[in-house]
Protein chains: 2
Amino acid sequence: MEEFDQSLPMILNRALDSVLPPYREIFLRYELTEPQWRILRVVWTGEKIKSVDLASRTLLAPASIVGIIDRLEKKGLVSRVRSTSDRRAVYITATAESRKLQEEVSPQIAAIQKRMKSLVSEDDWDHMEQTLVKISYLLNNDLPADMPEATAENRQ
Amino acid sequence: MEEFDQSLPMILNRALDSVLPPYREIFLRYELTEPQWRILRVVWTGEKIKSVDLASRTLLAPASIVGIIDRLEKKGLVSRVRSTSDRRAVYITATAESRKLQEEVSPQIAAIQKRMKSLVSEDDWDHMEQTLVKISYLLNNDLPADMPEATAENRQ
DNA sequence: CTGAAATAGTTAATGTATTAACTATATACA
DNA sequence: TGTATATAGTTAATACATTAACTATTTCAG
């Protein structure tokens, strides 16, 4: 059992279980969800963004994005605009109303981020982040099945 | 935007997105899901385990566990047994059939765990894990809202 | 130019996740 | 001894996640 409790998925899930509640507290007040927030964060950054780009930047599956956008649209927070140059593409834009929401909620989220970072030293934070990024990178590239060079390099 | 991409939830989610696919590949072959696997891992360890204990050990919400057990029961992998001493409690036990599944799948999962750990040095791994555990601990205890000592100690 | 293959978005089916409410039983205390 | 309260499990409602399939375009090779 121990080896399962120490597995990377469980370690990461435990961390997420501790990290998300402060965010949820805020989202509940504004009747938002975490995935909805992820979408909004990207949409707020600028101009028209294609659904397909939202997927990669929010880590949400295209099939999930459809429903999330549906709900955000119903709330009047985003709009869908079919592209004329590539009629397959749909652009998502933020509404004026969603901008007001941004003004109100963003500072609260920023405060949480700041608080999280202050929990450990900057060194610890960076080191943790680098290790996680390294693992992700190696899993996504070198090793479809057995990642030969990676194991050789990192043998302790 | 950058500060959101660097937020702890996104960092953790990116890591999970890279870590889970190898597991899913196996689960697909055996028509299991990751939450179902989490339950089975605990049930396999031993004797009769109460639903409420499954929740804490698997990080799954009690409300979710109901449905997961329903499906595992339908597949003949676990059984529910109402406790006689405390008639509120339900014990979950593994069936003989699920033991056969365990024999077959466990080694494959173990191989993945091993592969994951080999991606980075033991030092990096331990350090990352400790930092995540520390963050979880501080979030769950010291700070219902403002965690005074923690900030003071870790100011860079 | 045309048909195969790729791309963007969507739908459908099934399985969680989250919150709230509700039942049944157990425990604690006035 | 009741009675408030806590606990174990469940249900219901809504929102996502995942996989597969399907439509509408677009791209690209022959």
Side-chain angles (χ1 to χ4, degrees), chain A residues 9 13 16-17 19-40 48-75 77-92, chain B residues 9 13 16-17 19-40 48-75 77-92:
Chain A
N13 276 311
L16 268 176
D17 274 7
V19 163
L20 288 182
Y23 289 90
R24 293 219 184 93
E25 210 173 301
I26 296 176
F27 293 150
L28 265 180
R29 284 205 287 282
Y30 295 94
E31 295 187 302
L32 289 173
T33 65
E34 202 249 353
Q36 286 173 16
W37 178 256
R38 286 200 223 169
I39 297 281
L40 288 173
K48 305 178 294 181
I49 294 171
K50 289 196 288 181
S51 272
V52 65
D53 296 327
L54 276 178
S56 59
R57 295 182 62 179
T58 59
L59 307 181
L60 300 171
S64 304
I65 291 192
V66 177
I68 301 173
I69 299 291
D70 282 347
R71 273 159 239 129
L72 288 174
E73 211 176 11
K74 262 184 210 160
K75 293 191 213 176
L77 297 177
V78 304
S79 321
R80 264 189 255 242
V81 181
R82 179 71 60 174
S83 163
T84 50
S85 58
D86 181 346
R87 289 188 303 178
R88 294 169 304 181
V90 172
Y91 288 104
I92 314 296
Chain B
N13 276 311
L16 268 177
D17 273 8
V19 163
L20 288 183
Y23 289 89
R24 292 219 186 93
E25 210 172 302
I26 296 176
F27 293 150
L28 265 179
R29 283 206 287 281
Y30 295 94
E31 296 187 299
L32 289 172
T33 66
E34 203 249 352
Q36 287 171 14
W37 179 255
R38 285 201 224 169
I39 297 282
L40 288 175
K48 303 178 296 182
I49 294 171
K50 289 196 289 181
S51 272
V52 65
D53 296 327
L54 276 179
S56 59
R57 295 183 61 179
T58 60
L59 307 181
L60 300 171
S64 304
I65 291 192
V66 177
I68 301 174
I69 298 291
D70 282 348
R71 273 158 239 130
L72 287 175
E73 211 176 10
K74 262 183 209 159
K75 293 190 213 175
L77 297 177
V78 304
S79 322
R80 264 189 255 242
V81 181
R82 179 71 60 175
S83 163
T84 50
S85 57
D86 181 346
R87 290 189 302 178
R88 294 169 303 180
V90 172
Y91 288 105
I92 314 296

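Protein chains get the first letters and strands the later ones, always in sequence-line order, with residue 1 at the start of each.
Each of dG9(D), dT26(D), dT7(D) was ranked by its minimum atom distance to the side chain of R87(A); first place goes to dT26(D). For A61(B), the side-chain atoms get nearest to dT18(C) when compared with the rest of dT18(C), dT18(D), dT7(C). Of the candidate nucleotides dG9(C), dA17(C), dT19(D), dA17(C) has the atom nearest to the side chain of P35(B). You'll find that the side chain of A63(B) is closest to dT19(C), out of dA26(C), dA6(C), dT19(C). Ranking dT11(C), dG9(D), dA17(C) by closeness to the A89(B) side chain, first place goes to dG9(D).
For dA8(D), the OP1/OP2 oxygens have no side-chain nitrogen or oxygen of S83(B) closer than 4.0 Å. An OP1 or OP2 oxygen of dA17(D) is reached within less than 4.0 angstrom by a side-chain nitrogen or oxygen of S64(A). Phosphate proximity of dT18(C) to R24(A): present, with a side-chain N or O under 4.0 Å from OP1 or OP2. Contact check, R80(B) against dT10(D): a side-chain N or O comes under 4.0 Å of OP1 or OP2. Phosphate contact (OP1/OP2 of dT16(C), side-chain N/O of R71(B), threshold under 4.0 Å): present.
Counting heavy atoms from C-beta outward, L40(A) and V78(A) have side chains that approach closer than 4.5 Å. You'll find the side chain of I65(B) reaches within 4.5 Å of the side chain of T58(B), heavy atoms only. You'll find the side chain of K48(A) stays beyond 4.5 Å of the side chain of I92(A), heavy atoms only. Side-chain contact check for L32(B) versus I26(B): every heavy-atom pair is 4.5 Å or farther apart.
One distance of note links CD1 of I39(B) with CG of L77(B); it measures 12.0 Å at 0.5 Å rounding.
Across all strands, I65(B) comes closer than 4.0 Å to no nucleic acid atom at all (heavy-atom distances). Across all strands shown, L60(B) has heavy atoms under 4.0 Å from sugar-phosphate atoms exclusively, and none from any base. Counting non-hydrogen atoms under 4.0 angstrom, V52(B) reaches the backbone sugars and phosphates but no base. Within the 4.0 angstrom heavy-atom criterion, only backbone atoms of the sugar-phosphate kind lie near V90(A); the bases stay farther away.
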